[in-house]
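Please read the structure below before turning to the comments.
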Amino acid sequence: MEYSFRTIEDKWQNFWAKNATFKVEEQSSKPKYYVLDMFPYPSGAGLHVGHPLGYIASDIYARYKRLQGFNVLHPMGYDSFGLPAEQYAIQTGQHPETTTKENIARYRQQLDKMGFSFDWSKEVRTSDPNYYKWTQWIFSELFDCYYDTTSDKAERISKLISTFEKDGNAFVKAVNDCEIIFSATEWNAMSATEKEGILQHYRLTYLADSWVNWCPALGTVLANDEVINGLSERGGHPVEQKKMRQWSMRIKAYGERLLNDLNTLDWSESIKEQQRNWIGKSKGCSVQFETDDKQHSIEVFTTRPDTIFGVSFLVLAPEHPLVKTLTTDEYSQKVDEYIQTSSLKTERDRQANVKNITGQFIGSYAIHPFTGEKVELWIGDYVLASYGTGAVMAVPCGDQRDWDFATHFKIDIKNIFENVDISEGAYTAKEGTITDSDFLTSLSVADAMTKAIEAIETKGIGQGKTNYRLRDAVFSRQRYWGEPFPVYYKNGIPTIIEAQHLPIILPEVEKYLPTEDGQPPLGNATDWAWDTVNNKVVSNTKMDNITVFPLELNTMPGWAGSSWYFLRYMDANNENAFVAKEKANYWENVDLYIGGSEHATGHLLYSRFWTKFLFDLGYIGVKEPFKKLINQGMILGRSSLVYRNAENKYVSKSKLEGGETPIHVDINFVHNDILDTTAFKNWREEYKNAEFILEDNSTYICGHEVEKMSKSKYNVQTPDELVEKFGADTLRMYEMFLGPLEQSKPWDTKGINGVHNFLRKYWRLFFDAEGNLNLSDGEPTKDALKTLHKAIHKIQDDLNKFSFNTGVSNFMICVNELTDQKCNNRQILEKLTILLSPYAPHITEETWTLLGHEAGSVNYAKFPKFNPEFLVSDNFEYPISFNGKVRFKLEMPNSASKEEVEKAVMTNEKTIHYLEGKEPKKVIVVPGRIVNIVL
RNA sequence: GCCCAGGUGGCGGAAUUGGUAGACGCGCUGGAUUCAAAAUCCAGUUCCGCGAGGAGUGCGGGUUCGAUUCCCGCCCUGGGUACCA
């Protein structure tokens with residue numbers, strides 16, 4: 001009987017769907033385990049073979065955890081708001097919702113064919129009003145909170161208001177960007193508008209006129225991490241700076257916690273490092289420099305207070321507020337010109353000219369706080385207004401940029417490092433001895449650092465301070481296809497719509513483009529006003545600014561919905577809460593999260609931020625969303641190329657003479673690099689009369705290149721045709737077999753036969769030569785037991801280490817050995833089947849029933865434990881053969897000679913722990929050069 | 001520049017509390033079966049050498065009885081980040 005994967009896979013996929021096999025409930029009797037994939041954006045192209053890589057790994061792990069007796073939550077959903085659907089809508093007029101629904105249907109079909117064990121009853125879609133209702137709610141909770149630095153958590157804004165009413169804001173300890181100090185009396189005298197204006201400086205989400213990365217081509221604002229080298233991440237359009245009224249998220253308030261809690265996470269070092277860099281904590285000190293007329297003082301931030309005696313000038317950002325005041329008449333024209341040119345520079349220009357040193361002396365001086373010497377004041381656009389204080393003390397001997405600047409403008413360089421030559425460049429190492437520095441002289445750099453901060457603080461001209469690179473995240477997008485804000489404007493005051501009136505449903509619009517007068521697309525909506533009497537959205541014509549007000553026209557960014565979706569899965573259909581507290585407490589957080597590393601600083605940082613916020617308010621009991629994170633590598637495409645020569649003929653690879661034009665050819669016409677010339681000719685009109693220069697054996701061999709999968713390179717491999725040809729189980733195992741999960745690798749179907757053959761061999765273990773089911777019921781042979789137990793041991797090890805690739809190899813070894821032994825023993829096959837079921841669920845369900853078990857029961861109730869106790873029988877004696885391998889540690893002094901070591905290896909009797917957590921078992925190591933011996 | 005990860009046959013990749021390098025699969029070579037093909041099975045396959053033998057895990061050193069594994073210095077590839085004071 002042949003292995004008929006199509007019949008088998010259809011049968012079991014239907015069975016699983018009909019019986020809701022993978023539906024989970026909260027069960028306190030079982031330990032929980034939460035396995036999550038980064039949910040996909042449902043694009044029009046459908047899934048390609050790269051998508052399922054992570055899903056297969058997580059599915060294997062989820063099924064493995066179920067075998068071990070865990071109650072496993074393994075859901076799937078869609079990040080269904082996003083730009084491509086909107087752009088498609090702009091082009092075709094088709095509503096993004098329609099496109100999105102079609103794409104989701106296609107994705108679902110493809111996912112189902114892979115045999116994933118998702119609990120679809122918990123599906124979420126970020127564009128579903130029942131979902132974004134709660135995204136809007138979280139936004140309103142952020143609006144209602146501020147960050148209290150005393151309790152070090154988010155607190156209700158009402159608490160802050162009552163403090164203002166009693167004491168004003170002078171003694172408030174809160175993260176804010178409020179520049180004025182007021183008393184209680186002043187506060188109480190303020191109008192509602194003024195009060196809200198103040199509160200905006202404290203709220204965790206707030207409106208601010210901020211410089212934003214404006215992308216004219218996309219008609220939208222982009223986050224810092226969506227801009228790469230001055231170009232938009234999506235599409236690569238130029239991005240310019242523009243000031244706009246935007247919603248922002250005060251993520252900065254959580255900077256320290258986001259940094260510290262990284263240490264509690266089981267994430268790859270590289271991702272943690274990326275987040276640390278992004279948060280960019282630097283410890284240092286602020287220092288006030290008085291101007292020589294004693295009228296003003298300039299605050300700088302430095303990480304090297306120990307070099308304060310090396311200061312030879314100050315540099316201010318051109319945008320610094322004191323520049324105009326401090327510029328002398330003599331220099332005002334030059335300074336104005338410099339400010340003018342640097343303001344015209346886009347981010348892109350600045351980056352292109354990193355080596356280009358520019359600056360301008362402004363004519364006035366500051367006084368060095370310790371030496372009393374005059375130091376020149378300069379402006380230079382290498383100093384950023386947005387970081388630190390917007391001014392730096394320049395120490396050319398200790399900072400390369402300052403050195404370059406000083407050298408370029410011929411400013412004196414003072415050396416304060418003992419025995420260091422700085423004629424060729426700055427000395428930037430944080431070690432050595434300070435000299436020529438008054439009270440810091442002959443101290444080490446580290447000691448001087450402490451001493452300098454002390455002196456600065458004693459003098460009252462500054463203090464030790466910590467700076468973060470992390471900036472608040474802009475939260476407004478000028479888009480249609482996103483979550484509307486639950487906000488209306490009451491006489492200009494942003495007002496939140498109460499939770500019981502949510503969701504605010506995205507309105508219909510005629511056009512998805514910005515309006516003529518530059519309003520976001522929601523400006524096209526005719527029914528987009530808030531009636532505060534009836535609490536509903538009404539027609540714009542009813543707007544009277546007494547009871548009916550305009551609604552916010554921006555929508556939320558893509559990361560809004562994805563910042564909390566892992567919580568919604570726990571309780572996807574709850575209409576009364578974003579997640580019920582008892583469910584949140586049962587599932588806690590994600591135990592294993594699998595997805596691409598491109599989200600290192602975006603999604604993963606924002607999710608952590610929102611999780612901490614929701615924790616602060618007591619809605620959930622965990623501080624971090626994802627305990628363990630695995631980043632699957634990208635699967636690259638393997639493009640096939642044909643070569644056209646000058647005479648318009650197509651030249652096979654070994655006949656190339658150079659100068660031929662390579663042309664991408666659809667990979668479906670190519671098998672093992674051999675081109676199907678007929679298919680190629682029929683591909684396009686232009687190839688119809690193609691002529692070929694063939695190899696000597698009359699084939700056409702294509703060239704190839706490894707690059708990103710893309711439609712335009714005709715190298716996209718969808719899973720569908722492979723499932724059709726080999727079955728889902730083969731594809732699942734093959735994707736795992738390709739290599740380590742975390743590594744990126746080229747897609748190549750060459751080896752898929754090997755995996756397919758393995759499954760066919762496994763299938764044949766159950767049947768005799770005539771194709772009849774043939775299972776023996778006797779006791780298994782020692783050889784068969786040994787093979788099985790070896791496999792159990794290794795494959796469990798592989799699963800625990802997420803080495804799914806070696807897991808597949810070990811299955812192959814096991815089945816090859818059982819085939820050689822002609823093993824058809826029921827006990828052996830039963831256990832092997834359980835072992836294989838996470839990898840190849842369809843074929844194992846089928847064989848499970850062949851073994852006489854109830855249909856579907858391998859999932860998994862009958863075997864609550866999948867562990868050594870269950871699988872390895874206690875009484876089994878391991879046969880240690882001459883060729884067997886047992887690992888043991890040889891305890892000998894390092895000085896022992898080779899002969900001595902060999903002698904010890906040959907004769908030693910060793911005690912071996914053959915399985916963890918069991919009594920040690922004595923085995924005698926057989927003479928021979930055996931060092932690495934495994935059971 | 002800085003940070004992180006990695007460099008092993010023709011290919012994807014195994015093997016690290018230091019212990020027979022190249023598991024497993026692909027590909028290739030030869031053979032069996034077949035009218036033939038597919039499929040299947042058997043043998044071989046790191047390189048050099050007819051051979052005995054020698055070389056070999058990016059390069060150069062070091063520690064060790066023994067190094068793909070540990071240490072030092074380089075080179076290269078991939079990812080991240082960038083005038084952050």
Side-chain angles (χ1 to χ4, degrees), chain A residues 2 225 228-229 268-278 280-282 284-285 300-304 307 314-315 317 350-351 353-358 380-384 386-395 398-402 404-405 428 467-471 597-598 600-601 631 633-634 672-673 733-734 737-740 742-758 760-761 764 794 798 803 805-814 816 819 885 887-890 892-902 904-905 928-934:
Chain A
E2 268 304 297
D225 42 307
I228 295 164
N229 293 330
S268 77
E269 203 42 49
S270 84
I271 295 279
K272 287 199 210 177
E273 205 50 38
Q274 278 181 52
Q275 292 218 348
R276 285 189 197 110
N277 289 342
W278 195 258
K281 181 179 181 175
S282 56
C285 180
V300 303
F301 174 75
T302 179
T303 55
R304 297 294 304 274
T307 62
L314 300 188
V315 188
R350 280 199 180 191
Q351 278 164 1
N353 298 319
V354 169
K355 297 277 167 240
N356 202 1
I357 299 154
T358 65
D381 62 11
Y382 80 96
V383 177
L384 306 179
S386 54
Y387 181 77
T389 60
V392 301
M393 58 180 221
V395 184
D399 183 289
Q400 192 56 46
R401 288 167 320 222
D402 296 345
D404 292 339
F405 196 88
T428 55
N467 250 328
Y468 297 91
R469 200 172 80 93
L470 182 70
R471 313 233 176 111
S597 58
E598 64 272 22
T601 47
N631 295 113
M634 205 190 333
N672 295 335
D673 288 342
M733 292 195 87
Y734 184 57
F737 184 69
L738 274 177
E742 308 195 53
Q743 195 171 300
S744 61
K745 50 215 160 221
W747 177 254
D748 189 350
T749 48
K750 268 189 187 167
I752 201 165
N753 284 323
V755 174
H756 193 60
N757 287 344
F758 155 77
R760 295 172 51 176
K761 271 190 186 172
R764 282 201 302 266
K794 285 190 165 180
D798 292 330
S803 301
N805 53 331
T806 50
V808 178
S809 293
N810 287 321
F811 274 119
M812 290 176 172
I813 295 168
C814 178
N816 282 342
T819 305
K885 289 182 167 188
R887 166 172 293 236
F888 66 90
K889 187 175 178 179
L890 198 57
M892 295 200 70
N894 266 359
S895 56
S897 73
K898 192 173 180 178
E899 287 70 30
E900 286 171 313
V901 174
E902 273 177 6
V905 170
R929 268 199 86 197
I930 307 166
V931 187
N932 197 10
I933 315 173
V934 180

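Chain A is the first sequence line, chain B the second, and so forth, proteins listed ahead of strands; every chain is numbered from 1.
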With a 4.0 Å cutoff (strictly under), does any side-chain N or O of [X] reach OP1 or OP2 of [N]?
X: A/Asn631; N: B/G79; result: no
X: A/Lys761; N: B/C41; result: yes
X: A/Tyr382; N: B/A85; result: no

Please tell me which of A/Lys745 and A/Ile813 maps to the more 5' nucleotide of RNA chain B, matching each residue to the nucleotide holding its nearest heavy atom.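 Nearest nucleotide further toward 5': that of A/Lys745.
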Upstream residue (5' side of RNA chain B) when A/Thr819 and A/Thr389 are each assigned their closest nucleotide: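 Final value for this comparison: A/Thr819.
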Could you check A/Asn805, A/Val755, A/Ile752 and say which one makes a side-chain contact (heavy atoms from CB on, under 4.5 Å) with A/Phe737?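 For A/Phe737, the side-chain contact (heavy atoms from CB on, under 4.5 Å) check succeeds only for A/Val755.
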Apply the syn/anti split at 90° from 0 to B/G60 and say which one it is.
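Here the answer is anti: the torsion falls beyond 90° from 0.
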Should the pair A/Phe811 and A/Phe758 be assigned to parallel (<30°), tilted (30 to 60°) or perpendicular (>60°) ring geometry?
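Tilted.
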Going by the angle between their ring planes, with limits at 30° and 60°, are A/Phe301 and A/Tyr387 parallel, tilted or perpendicular?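 Geometry flag for A/Tyr387 against A/Phe301: perpendicular rings.
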Please report the distance separating the [atom1] of [N] from the corresponding atom of [M], rounded so that it comes out in whole Å.
N: B/G18; M: B/C11; atom1: C1'; result: 29 Å
N: B/U17; M: B/A85; atom1: P; result: 40 Å
N: B/G53; M: B/A21; atom1: P; result: 16 Å
N: B/U63; M: B/G30; atom1: P; result: 49 Å
N: B/U8; M: B/U69; atom1: P; result: 14 Å
N: B/C76; M: B/G66; atom1: C1'; result: 29 Å
N: B/C75; M: B/A23; atom1: C1'; result: 30 Å
N: B/C4; M: B/G9; atom1: P; result: 26 Å

Regarding [X], tell me which of base, sugar-phosphate or nothing describes its non-hydrogen contacts under 4.0 Å with the strands shown.
X: A/Ser809; value: base
X: A/Asn805; value: sugar-phosphate
X: A/Gln743; value: sugar-phosphate
X: A/Asp748; value: nothing
X: A/Arg760; value: sugar-phosphate
X: A/Pro746; value: nothing
X: A/Asn757; value: sugar-phosphate
X: A/Lys281; value: nothing

Note to self: Working to the nearest 0.5 angstrom, can you tell me the gap between A/Trp747 CH2 and A/Leu738 CG?
What the structure shows: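 That separation rounds to 5.5 Å.
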Pairwise distance SG(A/Cys814) to NZ(A/Lys794) - rounded to 0.5 angstrom |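 If we round to the nearest 0.5 Å, A/Cys814:SG and A/Lys794:NZ are 10.5 Å apart.
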Choosing from [options], which nucleotide comes nearest the side chain of [X]?
X: A/Glu269; options: B/A85, B/G25, B/A5; answer: B/A5
X: A/Thr303; options: B/U40, B/C3, B/A85; answer: B/A85
X: A/Arg469; options: B/C41, B/A85, B/A82; answer: B/A82
X: A/Thr806; options: B/C41, B/A85, B/A15; answer: B/A15
X: A/Thr302; options: B/A85, B/C24, B/C3; answer: B/A85
X: A/Arg764; options: B/A85, B/A5, B/U40; answer: B/U40
X: A/Trp278; options: B/U81, B/C4, B/A14; answer: B/U81

Could you tell me the separation between the [atom1] atom of [X] and the [atom2] atom of [N], rounded to a whole number of Å?
X: A/Asp404; N: B/C83; atom1: CG; atom2: C1'; answer: 10 Å
X: A/Met634; N: B/G80; atom1: CE; atom2: C1'; answer: 13 Å
X: A/Met733; N: B/G25; atom1: CE; atom2: P; answer: 12 Å
X: A/Phe737; N: B/C26; atom1: CZ; atom2: C1'; answer: 8 Å
X: A/Gln274; N: B/C4; atom1: CD; atom2: P; answer: 12 Å
X: A/Asn277; N: B/G79; atom1: CG; atom2: C1'; answer: 13 Å
X: A/Lys794; N: B/A15; atom1: NZ; atom2: C1'; answer: 10 Å
X: A/Ile752; N: B/G27; atom1: CD1; atom2: C1'; answer: 16 Å

For [N], give its Watson-Crick or G-U wobble partner with both distances under 3.5 Å, or none.
N: B/C35; answer: none
N: B/U81; answer: B/G1
N: B/G53; answer: B/C48
N: B/U29; answer: B/A43
N: B/U69; answer: none
N: B/C74; answer: B/G58

Side chain to side chain contact (heavy atoms under 4.5 Å, CB included) between A/Glu2 and A/Arg760, worked out: CA-CA 8 Å; A/Glu2 268 304 297; A/Arg760 295 172 51 176; 4.0 Å; yes
For this session: Measure across A/Asn467 and A/Gly388 and return the closest heavy-atom pair with its distance rounded to 0.1 Å.
Result: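 Smallest heavy-atom distance, with atoms named: ND2-CA, 3.5 Å.
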| query | Where do A/Ser268 and A/Asn631 come nearest, in terms of heavy atoms and distance? | reply |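 In terms of heavy atoms, the two residues are closest at OG-OD1, 4.1 Å.
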* Under 3.5 Å: donor-acceptor pair, side chain of A/Lys745, backbone of A/Pro740 ->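 Yes, the answer is positive, given that a donor and an acceptor are paired below the 3.5 Å cut-off.
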